[in-house]
Every structure is written in C-alpha cells, then in structure tokens.
Trainee: 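Questions regarding the structure given below will be posed in turn.
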Protein chains: 6
Amino acid sequence: MLLKLMTWQEVEGYLGQSRGIIVPIGSTEQHGPNGLIGTDAICPEAIAARAGELGNALVAPTIPIGVAQHHMAFPGTIAWRPTTLIRVVVDTVESLARHGFERIYFLNGHGGNIATVQAAFSEVYGERSLAPADNRPPLRCILRNWWEGDSVARMRKQMFGHAEGMHATASEVAVTQHVYPDAIKQVAMSPTIAPVGRFTDAEDYRRTFPDGRIGSDPTLASPEKGAELLEASARDVADDYAKFIAA
Amino acid sequence: MLLKLMTWQEVEGYLGQSRGIIVPIGSTEQHGPNGLIGTDAICPEAIAARAGELGNALVAPTIPIGVAQHHMAFPGTIAWRPTTLIRVVVDTVESLARHGFERIYFLNGHGGNIATVQAAFSEVYGERSLAPADNRPPLRCILRNWWEGDSVARMRKQMFGHAEGMHATASEVAVTQHVYPDAIKQVAMSPTIAPVGRFTDAEDYRRTFPDGRIGSDPTLASPEKGAELLEASARDVADDYAKFIAA
Amino acid sequence: MLLKLMTWQEVEGYLGQSRGIIVPIGSTEQHGPNGLIGTDAICPEAIAARAGELGNALVAPTIPIGVAQHHMAFPGTIAWRPTTLIRVVVDTVESLARHGFERIYFLNGHGGNIATVQAAFSEVYGERSLAPADNRPPLRCILRNWWEGDSVARMRKQMFGHAEGMHATASEVAVTQHVYPDAIKQVAMSPTIAPVGRFTDAEDYRRTFPDGRIGSDPTLASPEKGAELLEASARDVADDYAKFIAA
Amino acid sequence: MLLKLMTWQEVEGYLGQSRGIIVPIGSTEQHGPNGLIGTDAICPEAIAARAGELGNALVAPTIPIGVAQHHMAFPGTIAWRPTTLIRVVVDTVESLARHGFERIYFLNGHGGNIATVQAAFSEVYGERSLAPADNRPPLRCILRNWWEGDSVARMRKQMFGHAEGMHATASEVAVTQHVYPDAIKQVAMSPTIAPVGRFTDAEDYRRTFPDGRIGSDPTLASPEKGAELLEASARDVADDYAKFIAA
Amino acid sequence: MLLKLMTWQEVEGYLGQSRGIIVPIGSTEQHGPNGLIGTDAICPEAIAARAGELGNALVAPTIPIGVAQHHMAFPGTIAWRPTTLIRVVVDTVESLARHGFERIYFLNGHGGNIATVQAAFSEVYGERSLAPADNRPPLRCILRNWWEGDSVARMRKQMFGHAEGMHATASEVAVTQHVYPDAIKQVAMSPTIAPVGRFTDAEDYRRTFPDGRIGSDPTLASPEKGAELLEASARDVADDYAKFIAA
Amino acid sequence: MLLKLMTWQEVEGYLGQSRGIIVPIGSTEQHGPNGLIGTDAICPEAIAARAGELGNALVAPTIPIGVAQHHMAFPGTIAWRPTTLIRVVVDTVESLARHGFERIYFLNGHGGNIATVQAAFSEVYGERSLAPADNRPPLRCILRNWWEGDSVARMRKQMFGHAEGMHATASEVAVTQHVYPDAIKQVAMSPTIAPVGRFTDAEDYRRTFPDGRIGSDPTLASPEKGAELLEASARDVADDYAKFIAA
Ligand code: NI
Ligand code: NI
Ligand code: NI
Ligand code: NI
Ligand code: NI
Ligand code: NI
C-alpha cells in the first residue's frame, strides 16, 4: 500500500487496524561508472513497496536526497546538510505521529544517512523527554538498511563475495537494473575492483576513489540477480517490520 | 532525462551542453474523497519527465513533501515547516550550483509551496548579495506551477469550467488517473461542487472543507483528460524552460 | 490608534472591544535617484495610521526592514535574510496572540516581503496544526500591499499610466513626498522610464537597473498626488480590515 | 541625517566622508500607567535624530522591538526572542558592512536588549575570527544606552533623584511627553514610587510589579524636562560617537 | 557535592531538601605568556566545588568552553558562537528544570560569556512568557563572576592593585597556580604591565595585545595568593548562593 | 599534555611538531544505583589524559554533556539536543582547524553521542564540500569509544563476561572507582543483572529499566579492575591515535 496512491479516508481506515508505516529514505549521488545517481533511493523505494505488499504495511513517499556531501566532487550529486535532514525527519515523524502513527520504520538506502537519521530520532524523542509528562501514545522509530537483513546479506555474499564492495556495490546496481532495465549501462572499469579506504569531504573522496566506487565490481550486476535481491530484502524487511509493530 | 537514471559521467557530459535542470516539487497531503495523497508530487513528476523529453532537459528527483500544515487534520498528510523546506531548497540549489548548474527550474505541484520556495530563492541569492563580490557564474532559480501555462490553463477551463476548483481539482485528479490508472477511485461526493473560502491552520481548514476539497468536482476527472492535460502542461513547461535557460 | 502611543491599560480596554491589529511592514532599500531609502516603510506606516483612524484599528510599530537582498548593490540598503524575517514575524504574531489578538493584518510596503511573510504565517499556523488540539481561539493573519486596493490601484493607473512602474514607483515616491515634504529631491533621470525585467541577486539587479528604478518615471510624483493616494489607500485598507475582523 | 530620508546616491556621497552610522534600537512594551508602549523606541529614535544633526551622523531606521519577554503579562508588549534579535542585528550589521560602514553605533532604549545585542556583536565578530584572514576593513560595533552619558545621567539625578526608578522611569516618560505632547496621560498611581526588585519571566514580573513600573514615579515627568533630557543625551551621544568613529 | 560524583538516587534525595544548583562555566582560551588556556574553567570549577562544600550546594559539571572568538588568533583557543552557547545553556537549564531545580546559579570564569548567558536566560524565560500560563514552579537563573564578590574583589585590589589587569589577570593566574602547582610557568614578560584597550575580532585583539594579556602583570601571581583568593571567592559565592535560593 | 594546562606559546610549539589532538566527550546522566552521574565524562577524560602521555598527544578539555534525553526520567541527567551538540562539535572543530589542527580524535564515553557526533562531522565536511575549492589543508575527524579497542574489549569480557552489560556497565563503574576512590558507593541491586532491551524516550526508558542499568551487574566493579581497564584502553587509544595522525 503506497500512501501516495491512497485517499485520506483509506488512510483513516488503515489507522483503525495498524499504527505502523514504512518510510523509504535514499540519496541522490554518484554510484560509479555504471551505477545510477538515484540508486540509493530506487532500492529502498522498490523494496519497501514489495515489503508493504508482503506485510500489509503502508509505505510513505521516498525521501530521495540525503547526507551525501562526500560525493559532491562528482556531478549530479545533491547533498543536504545533516541539520537539514534532521529537520526533514523530525517534521515527517511529527506529522505521522499527529495522525496516530506510533511505529515509524525508515528503510534506508544510503550509509551516509544512518548517523543523521539516528540523531533525528533522538531530537524527536528529546522533545518528549524534556516536556512535562503527557498522555501521548508511545512513539517508536527505527532505521534499517535494505541490505542488512539476514537473507539479503547472505545472498549478497554468495552472489558477489568481496567484489560486492562498499559503495556502488554490485548488489545495489543489480537491484536498479531490475527496476529500471532500460537504464542499464555497459561501462568498462579499471581496476576491476575499486580501491577501499576512508574519506572525509568531497575532494578527499574523489582523490581516493577516482571513478566513485569503493571496493566493488558492479559489472557483476545483472537484472536477474537484482530481482532475487529485491525479493530477499523485501522478505527480510516484512519480517522485521512485523516484529517492530508487534513490540 | 531523469537525473536518477544517469551516471555521473553522463551528467558531466550534459553539463558540457547545458546549465539548466528541472526540479519537480510536490506535497503529500489529502486530496479529497477520490484524490490521491501523492497527487501534488505525481503531477509535476510526470509532467517534468515529459517536458524533459520534449526539451532535452535534465530532471532531478521529485521533492515529494512540502508546506501542507493546513491539511494536517486529514490522515496521511505530511507537513514540513516552511523553515524546513527553505533549508531543503537552499541545500538542493547550492549542490546543483556547485556542479555548474546556473538555471534551476522548480516545477511545482502545490500552491502551499509557492511562498516558501520563493523565500528560499531569496535566501540563496541573499548569501551572494551579502558576500564580497566574486566571480561565480550567475545563478537563476524560478518556480512554475504545472497548471499555469497558457495551454494547460485554457484546457482546464474548457474541460471543467468552474468545477475545476482550487484544491483536489478535477484536472490534477485526472492527471493522476492517467499516470496511475490502477489507483482510480470511484467515490460519491456531496455536495457535487465543494465549498470555497479561506483557511489558516488545520482545524480551521477541516471545519470549512469537511471532505478536503475546495471548490472542485473531481468526479469529472478521467484518465483520458489527464493524458491531454499532462501533454499540454509538458509542452508549456518545455517552452517556458527553453526561454528560461536562454535568458 | 498607534500602539506606541498607548498605555497597557488602554490596550487592555481596546482588547475588550476588538481582537484586530494592523502591523505595517516595510523595507530599507534604494528607491532610485529621487526615492527615499525609507519609502517602503514610510508608506505603510502613514497609510496604516490613517486607516487606523478611519477604522478604529490599533496600529503596531512598523517593522522597518525586510527582504531586500536584491538591492544590496546600492548603498544604504539593509537586508534581512528571509529566515530572519520569518522569525521576526513569528515572534511578533505569537506575542500579539498571547494577549488575545486574533486578527493580525500586515500592511506591506515592499513586494520582496510577500513570499517570506506568507511563509511565516504558515510557520505560525503549522505549530498549531502539528500540536495536539487545544482550545486556543482561532488566529488569522493576512498580508496586504498598500497599493493593491481597488481605489488606490485605479488612482495609480489614472495618475501615472504605465510610468507608474514596479520599483521606485511614481506613486510611492508621491506618498513619501506628502509625508516628508522637506525631503523632496529634484533629480534628472535618464531614461525617463526605467527598464523592466527580472532579477536575482544584487549584482544582477544593478547590472539590469543601473539607477535602481524598475519601469517607473518617479519625476511624475508630487506631494499633492501623494496625499490623494494615501487617503485612497487608507480607505481601501480600512474597508478591507473591517471585513477581515468581521470574518 | 536620517537614512530613511536619503537617496542611495546621497548615502554613497556620505560614505565618501564617513564610515559611521547610528542605529537606534528600542522595544515595544508596557511602561506603566502613564508611559507609552513605544517609549523605548521613541527615546533613542528622537535622540539619535538630534545627535545626528549635532554630529553629522547618518541615522538608520529604528529597530522598534526587542527582548521584552518579561513584560508579556501586560497587553501590548511585543517580544522577540533573543535568538531572533541576534539574527536581526547580525543581518543589519552585515548589510551595513557590505556597503563599507565600519563603525556601527547602536543607540539603545531598553535595558533588556543589552545582553542580546552584545551577544550579536560577538556573533558578527566570530564569523570573522573563525574565517581565514582576509583584507576586509575592520568593523567595530558598540551599544550605548541613551540615559547613560555623563550629562544626561547627572540631569536625571538632579531632576528626579531616586524617584527616577528603573523601568517606566520619570525621564523616559518625560522624553516621550516632549516628542508626543498630544499623547500625555494623566494617571494617578499608587504607591507613588513603585517597588523595586528582580524578575524572571512574565508572570513573575507582573506579580512583583503590578502596574508595570519599577522604582519610579513617572508623574514627575513633564515635556519641558523631556526636552532638556533629550538635548543633554543627544550631546552626550554626539560626543561619544565622534570619539567612536575617530578611534 | 559534585553532581558528577553522585548517583541519581542521591540527587533525588538532594532535591527533597533543595532546589538549587551551581553550574560553573568557563572558557578555553589563551591567557598570556604564563596563564593556562584552561584558566577560565579551572577557576570557577575549583571555586564552585569549595562553595558547594561551604554551602551544601550541588555543583554541576563545568561547561569548559565559551564565547572566546576574540582570542582566536592565539593557538589553543576554542570558541563557541554565541548562538551555540545559548543553545547549550537553554538545554542545560531545561534539563535541570525538568528534574525540579528552580534556582540555577551559573558561576562564570570568563567576561566574554556574560552577555550571551544573560541572553540565554531570556530565551528560557521567554518560552514561558510566550506560552499559555501553566502551573510550572518558578525558575530563576543568575550568572555571577567568581571575581566580583565583595571579599575577593577587595583582596584582588590589595594583592595586585592596578597590575591585576583585565585579562590574564594576576588573580586568575594565581588561582590556577594553587589548583595546578605542577603547571606553574616562569616566563619573562615585556612590558611588565600589558596594554589596555578595546577590541573586536581576533585580528584586532592580537594587534592590540600582542602577548594576549590586557592590563595585567601576572608574574605577581603565586599559588599562596591563589589559595587565599579561592577561599575568599568561595565564601562570597556560598553567601550569595544562600541568598539566591532563599529568595 | 592537557590543553588546559598549557600556554598558547606551548600550543604554538606543539603545532610545529604535530597536527593532532584528542577531544574527550562524555555525558552527564544516571548510571544506575552505584554508578556516578559523571561516569561517561570521567572515563574518556582520564583515559585521554593517559593516552596523551603515552602518545605525546595534546588533549582538549572534556565536553561533559551529550545526547542523553533517554535518561531524563532520572534526576541529575542533563541532556543536550542533538542539534545543540552538532553546533558544539562544529564550533569546536572549526576553532581547532583555524589554528592548524588537521586530525581531531574524539574519545567518547557515551553511546548516545555516536550518531550525533558523526552527523556533526558530516556537517563540518559538508561546508567544505559545498564551498568552492580552496587550499585549506585536509581535515580529518574520528570518533572512538574508549571501550572498543582490542585490548580493553578483551579485558572487559574476561573480567565481567555478560555481566558487563550495556549501560552502567561494570567496566565503566570500575574506571570511575579507580579515578575517584572516595566516591565508591556500596549499593545492593536487584535483580543482580539488569534487564536488556530497546528504548526510545525518557518515560519508555525508565519503564523498562527501573534502576537505570541495562544488562549489567556493576557490583562486580573494583578500583583495581578500573586501573587495569584504564591502562588497557589508554594503550589502545594511543596506538589508534598514532595511526590516525600518520594517515
Ligand atoms: Ni548506494
Ligand atoms: Ni493538489
Ligand atoms: Ni518600494
Ligand atoms: Ni523603558
Ligand atoms: Ni580569564
Ligand atoms: Ni556510561
């Protein structure tokens, strides 16, 4: 169930049965020579939609941009400051809580968002902790990365081994190839497996990772593998979400 | 050309030929008994995509949430504070400007965003106006509503007359029916044409407009009309954008 | 009735009869070769004072500075960032609401303020829309420009035709000449009617409008015309305000 | 020389001879049974205008509202948060500095503003201190209260002794009576001299100072005394300003 | 009683008897050729600890950094923006108030903090003044500088006369020598007594005060004098705090 | 080398040899029945001091308060909002970078700070990534928790097994007992090992963990164990810091 395709009366009906919602959150940033700039939004959006079907969960619109300052030396990246994203998450959660949602499950597609979204949760909770006690129902937020569930993590390892990498990974490229088969790019890459390492700001990142990848060989991706990964991740998410709203 | 489906090298190539980009911006809010909560994002996203084809323009991901506080008494609405959206727009524009984009064309789907996005443009320009003069290339941002071009405005009037209304309009519902035909809702509405009036906050809005519509009869919508409206608007936008980047 | 010339007991008495107040808001910015830097504050201040007499309305002190970043390439302009003005308007409205004012009528003298003040209203309303429902009385804010009432708009057209222009207009210069006859400046201008066009930041503005005017011939102004314009606008405002507080 | 009554070319000429400017800053707050709500803005505005004549100084528009939260239990008070006023002062100073002003002299009418304006100066300087060294000219800001110069302080003591008080003082009421003789109020007060003490927030203030005054007997005020006080303060200010811009 | 060395149950017990707490606040900034960078935190921390013993007062952890932008041209200085420190003080006070503390006594070690901390108090009070009346207990905050009590001020004068100075004072260096005898530095200084004057930003400060001192001869400091000063100040503080919590 | 015990000339000398610094960061929050409220600041402060000796590293003052909103239902806790701590970290890092520090090593004592401090690093880097390229030297920040180095992690497991727990751990209590032997508390606890689980805001936390501990039996702590843990952690930190500044 996609929130964007529902009417308000349908949401009202949903709230009569459930207090949970999935919010996909991504990024708009370079993903190497054959990865799409939208990869980190496309993956959680597609996986959340499928998990919503499997788990009867409402799915909010995808927040398509995140904390991507380190990719700013590559054209096309859009970066929100962490303090901007905190405000985005706070307002989003407060809106949902106002309607009675009590379990907000952020499905994340970008490692760079994790710290900031967690900080935003503390900002939300903190307002409640500093306020005089009231009788608002408890609110619970979590963030999960689409690639970290047991099944999908195992599958990623089996499919790609250490060529999976850390950025512009083989698996995320595969998922986007499945979702957007017309946008598959054939690009030769050298070295086959990208370097690994740490990074700070945009200049530092580009110096270390000249084509944008970290540790990956995304030429191993295929839309078929992407379909399998998507399904595995969606099942992981649906299971995890079910536990979350039951807690 | 959708930014999300491109690689960074493709964006680099695009920047060699053009300095313009279209950024769709919408809202996630109630749209009456048969209108989708995602209406205001769906319309500019679809129209921008088509305008991008017509005008060889790059199209950024859609900002799917906006200033919708007045719809908060209807479940499913998500509202960002104006100061939050200002930060979102500022960071988005600064990111694009960093890569060399000089003409940022926001295609808007929600009247409630207009003032705030304009204020955000002044915030961006203001930083430049207060800074010592430098040699940065000139940056120009505009906001256009998808429904205000000459052709589409005329068509809306012809198709629906005064039953078009101001919120949950017949035309925006039609566009979403064309884009998501599986999500068409058949709902009886009473009165046929919704009341009109002013509003302030969420309680005030709901008191005055009990089913969410303002002045419209969206049962007149059809996917066929939506297809025509989308095409008309996209042509308006492509023309307007061409003038904008040439200026 | 000017708030600044009243005691708190007099305001208490006023609140026993009325819940409305007029807040003039202007700007401090260049107004071409013969226009005063204070023009945009002087006009709404004088018109609000007169409208207050006509309509028994309380008039707050004028907020004398606004969003004027685009005039910063001309000495004497003072520009508040939009996010600064939002905070100013929010705190001002919240203070007035705390005392029981329920209808806040901003009389504006500067086009550059409109978007930001509207965004500020949404910020104020949004706090209420996101909060749990309470029993606070409804709060309503509007912004009106002094030049847009029916009578004054007609008069401006009659007096100056298209030489009225868009910035450093003949009519606003005339009003200031009436209010401050000792500050009338005689300056030759070339071209007679200033160019028109769009602008972004300060450098861009000055490049396009070298003497600061947009589309106007303010040498047509006279204090007599200013007196007529002030009275016409004040009557428009008094009428409009009466409807506003009755709604 | 009032900035609001000048053209930008006149300001340009002024900047050829001087880099200083006076910025009056006040408050809009209760001033006891016979004091005007605008007292704290009226006094520095009038005194700055006269000091500007005496000292050939440019005088900016008055910032009419300040940090007055402690007066909020009295109707008519408008209070800006300290963080709001900091932004107002920062943007105002940055604008003036952009034009080449290097000595900004805030003439203050309200004790409650002092800390916040000083904090704002540190905010302005701090941006420079944290930035890499550049060749911007030095910027210097000070705040002076209109009542603290040697002559005016002596005169206040002679005229009113300890009945001068700390809020709604005899002298500030006198100055406003001189500036606005038509707004003189005759109100009996009891006790003759108001209590003194400390305060925190609005409720606390009103509990301790039920009619709004602190320590004063403002029935001793007269417009004649006000005229003398204004002149004395203006001379103090003109002298002090001359030293400031020479330093 | 140091808060950091207590358990939460012990604090609960303390709150059964007292609603007051002392919060030391300092700075991390250059203190001339023989003064420690931590001087402004070390002094109030040590004095507050002793005053806490004398007066049975709970003492919070020291806020070790403050508004020190003017010292940024000397290595080792850390400067928080005033708006940052305001947030720090606001959150700290709100936390303490949440537990039932009603008298918050900031013992300050750095003149540059005074304005900002006072502004922060107004920010805290202002939230209460703007909110609808509730039944929260009254909250009172004050800031005292450790060197301004009657006894310690007299002692400083007796010990050092005008060689005490204004920054990197003989007395503050003495206190740190008593607290950290192993960190006493023997450094020749020229001139013996440092210059005095005003300052704005970091470059301006260093130009005027090349070795960092203002008006002082800190070679006169000794740990023995420091011990006496610490004890005198602690007694002043304990007395003042007793009056504060009794009020 | 403690920054607070150095002069600015000594820091200048240090910067001639090294560009690194350790910044301890903690929290002020309940730590169960026998744990000190200052535990999370005391541990990294003491360990950083020792690591500084071992590794010739400069150590900044401890930031003693952090993101502890979830402990606010226990008296004595002080909680800074995440957005407050971000500003604190940003200003601290910018100050140090201004002096030429290029490697900032935050040694953390509180799990609740991790996300927010990481977000703050992205905020710092992001300003650089969004700015036009300049020639500032590269800046690198990391956060390490004192308990996560190989040696100390192994020792914690050996000493306490699963009774170590997650909050008010046996090991952190032990370290504070070593550092402040006079503040050792003997308190019986039931159950011996505290419950484990998730938490959101303050009420939720206290409901689940009634005495404040999570999963730990801190009665197993002893000052002797604390001494060993401190030394092990300091060696881990010194090694890790050496790699960090060499990278
Ligand atoms: Ni990715
Ligand atoms: Ni719509
Ligand atoms: Ni104007
Ligand atoms: Ni006053
Ligand atoms: Ni000091
Ligand atoms: Ni801990």
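Residue numbers begin at 1 in each chain, while the letters A, B, ... track the order of the sequences.
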Trainee: Answer whether the closest heavy-atom distance between the side chains of D:K4 and C:I37 falls below 4.5 Å.
Mentor: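 They are not in side-chain contact.
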Trainee: Can you tell me which portion of C:I42 sits under 4.5 Å from chain D's heavy atoms? Options are side chain, backbone, both or neither.
Mentor: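 For C:I42, the contact with chain D is made by the side chain alone.
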Trainee: D:A60, D:A202, D:G35, D:G212: which one forms the most heavy-atom pairs within less than 4.5 Å of chain C?
Mentor: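 The candidate making the most pairs under 4.5 Å is D:G35.
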Trainee: Taking all atoms of both residues into account, what is the closest heavy-atom pair of D:L3 and C:I78, and its distance?
Mentor: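 Shortest heavy-atom separation between D:L3 and C:I78 comes out as CD2-CD1, 4.2 Å.
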Trainee: Drop me the distance from D:L5's CG to C:Y180's OH, to the nearest 0.5 angstrom.
Mentor: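 These two atoms lie 6.0 Å from each other.
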Trainee: Non-hydrogen contacts under 4.5 angstrom with chain D: give the residues of residues 96-124 of chain C involved, or none if there are none.
Mentor: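 If one takes a 4.5 Å heavy-atom cut-off, the residues of residues 96-124 of chain C near chain D are C:L96, C:R98, C:H99.
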Trainee: Using a cut-off of under 4.5 Å on heavy-atom pairs, state which of D:E12, D:E10, D:M6 scores highest against chain C.
Mentor: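 It is D:M6.
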Trainee: When the side chains of residues 61-76 of chain D are checked against the rest of the protein, which donor-acceptor pairs come out under 3.5 Å, sequence neighbours left out?
Mentor:
residue, atom, partner, partner atom, Å
D:T62, OG1, D:E45, OE1, 2.5
D:Q69, OE1, E:S129, OG, 2.5
D:Q69, NE2, D:T200, O, 3.2
D:H71, ND1, D:Q30, NE2, 2.9
D:H71, NE2, D:E29, OE2, 3.2

Trainee: Would you mind telling me which of D:L85, D:I21, D:T28, D:V93 has the largest number of heavy-atom pairs within less than 4.5 Å of chain C?
Mentor: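 Among the listed options, the one with the most contacts to chain C is D:T28.
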Trainee: Check whether any side-chain heavy atom of D:Q9 lies under 4.5 Å from a side-chain heavy atom of C:V187, and answer yes or no.
Mentor: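 A side-chain contact is absent here, since even the closest heavy-atom pair is not under 4.5 Å.
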Trainee: What part of D:L15 gets within 4.5 angstrom of chain C, counting heavy atoms only: side chain, backbone, both, or neither?
Mentor: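 Only the side chain of D:L15 comes within 4.5 Å of chain C.
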Trainee: For D:V88, is there any backbone N or O sitting under 3.5 Å from a side-chain donor or acceptor partner on C:T84?
Mentor: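 No; zero donor-acceptor contacts below 3.5 Å.
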Trainee: Going by atom types alone, do C:T77 and D:W8 pair a side-chain donor with an acceptor below 3.5 Å?
Mentor: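 No.
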Trainee: For D:N34, is it the side chain, the backbone, both or neither that has a heavy atom under 4.5 Å from a heavy atom of chain C?
Mentor: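 For D:N34, the contact with chain C is made by the backbone alone.
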